[in-house]
Amino acid sequence: MAGYGGTLVAGAVSTVTRNPDGRFDVRLEDGRVLRARRLLAASGVRDVLPDVSGLAEHWGTGVLHCPYCHGWEVQDQAIGILATDLGTSIHQALLWRQWSDDVVLFLNGCGEPDGGQAEQLAARGIRVVGGKVAAVEGGPQLGGVRLDSGELVPRQAVVVFSRLSARAGYLADLGIEPEEQFAGGLYVGTAVAVDAAGATGVPGLYAAGNLTAPMTQVMAAAAAGLAAGAAINGDLMAEDTRLAVEAHRR
Ligand SMILES: Cc1cc2nc3c(=O)[nH]c(=O)nc-3n(C[C@H](O)[C@H](O)[C@H](O)COP(=O)(O)OP(=O)(O)OC[C@H]3O[C@@H](n4cnc5c(N)ncnc54)[C@H](O)[C@@H]3O)c2cc1C
């Protein structure tokens, strides 16, 4: 980045406001203020995990959410699916079954599979365990799922349905309020609304990546950043030309 003239500044942004001259004031938590004509927000999401003890400690290692991110690594292992929504957890169980023939669905008080669902689970050899889940346990490696009954079901990986909350608090002063996102009618998190070029409703403010599309992955996030970068350049070019024409006329 530096080789192409960019400057990398370490620090957390606390607020962004619009300066009277139209530029953005980007305020860091340590008090520094950076000024910019255009801004591309790419601050991603916060993963909101179900409220079950032990999940956060193992997040991204033994506690997983996405078969396309982690399936290869846990193939043939003992996998548990922790239900927080019955339909979603059955969908997850069937997906993760492609990676292992030892998949257990923990119903966790989310209801009972209906006849058709039970038949699918049985046909794919997915064991269903009733009762509420108290915790996931283990040391550095995940050990298993502890039920309210006290029983420990040994598992090497546990799959959850995490919600994805847009990290956009620092944009609130500009009027940016993330919108709720749904997939198949299910609440999945929040996102900042943008057009195809990444422009938000605030002139000069662009956003890309998971901040605007929480369900997408690295390649899509990078592609969105590229598209927004090109749009910002076009935007700056138009402004520079307008200013040059005004100066030329004077
Ligand atoms: C456990 C897990 C595994 C995954 N595995 C894969 C995988 O194998 N393949 C794949 O393609 N995708 C994977 N993903 C998804 C992938 O991580 C995201 O899609 C991708 O990182 C999104 O990129 P982004 O740039 O939009 O956001 P991020 O990568 O989240 O980057 C946002 C950055 O902004 C910073 N930030 C946030 N707020 C502020 C602030 N106020 N001030 C300063 N900085 C701030 C954050 O610290 C972070 O560095 C995985 C996700 C998770 C949770």
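Counting starts at 1 for both ligands and their atoms, in listed order. All heavy atoms count here, side chains included; hydrogens, waters and symmetry mates do not.
Contact annotation: Glu29 has no heavy atom less than 4.0 Å from any atom of ligand 1. Residue contacts with ligand 1: Met219 is excluded, as none of its non-hydrogen atoms falls under 4.0 Å. Heavy-atom distances between Ser162 and ligand 1 stay at or above 4.0 Å for every pair. Residue contacts with ligand 1 do not include Tyr68, since none of its heavy atoms lies under 4.0 Å from the ligand.
The part of Ala221 lying near ligand 1 is the side chain, judged by heavy-atom distances below 4.0 Å. Contacts with ligand 1 closer than 4.0 Å are made by no heavy atom of Leu64, backbone or side chain. Contacts with ligand 1 closer than 4.0 Å are made by heavy atoms of both the backbone and the side chain of Gln217.
In terms of protein heavy atoms, atom 2 (C) of ligand 1 is closest to His65 CE1, 3.6 Å. Annotation: atom 18 (C) of ligand 1 to nearest protein heavy atom, Asn210 OD1, 3.2 Å. Scanning the protein for heavy atoms near atom 6 (C) of ligand 1, the closest one is Cys69 SG, 3.0 Å.
Closest heavy-atom approach to atom 37 (C) of ligand 1 within the set Ala168, Ser43, Ala12: this belongs to Ser43. Around atom 48 (C) of ligand 1, the closest heavy atom drawn from Glu73, Arg167, Arg46, His70 belongs to Arg167.
The environment of Glu177 atom CD is sparse: at most 12 non-hydrogen atoms of other residues, nucleotides or ligands sit within 6.0 angstrom. Heavy-atom neighbours of Asp51 CG from other residues, nucleotides or ligands within 6.0 Å: at or below the threshold of 12. In the displayed structure, Phe182 atom CZ is contacted under 6.0 Å by more than 12 heavy atoms of other residues, nucleotides or ligands.
Shown are Asp47, Val136, Val133; of these, the side-chain contact (heavy atoms from CB on, under 4.5 Å) with Leu55 is made only by Val136.
Residue pairs satisfying the ring-ring contact (aromatic ring centres under 6.0 Å, His included) criterion with at least one member in residues 74-125, sequence neighbours excluded, are absent.
Of all atoms in ligand 1, listed by their number and element, those nearer than 4.0 Å to a heavy atom of Val218 are 10 (C), 11 (O), 12 (N), 16 (C), 19 (O). Within ligand 1, the atoms closer than 4.0 Å to a non-hydrogen atom of Gly209 are 26 (O), numbered from 1 in the order shown. The ligand atoms of ligand 1 that sit less than 4.0 angstrom from a heavy atom of Gly11 are 43 (C).
Here His65 contributes atom NE2 and Leu82 contributes atom CG; the two are 14.5 Å apart, rounded to the nearest 0.5 Å.
No salt bridge links Arg37 with Asp21; every basic N to acidic carboxylate O contact stays at or beyond 4.0 Å.
In this structure, Leu105 and Ile90 have side chains that are in contact, with non-hydrogen atoms separated by less than 4.5 Å.
Any N or O atom pair closer than 3.5 Å counts here, and Asp47 shares no such pair with ligand 1.
Donor-acceptor pairing under 3.5 Å is recorded for the side chains of Ser43 and Tyr170.
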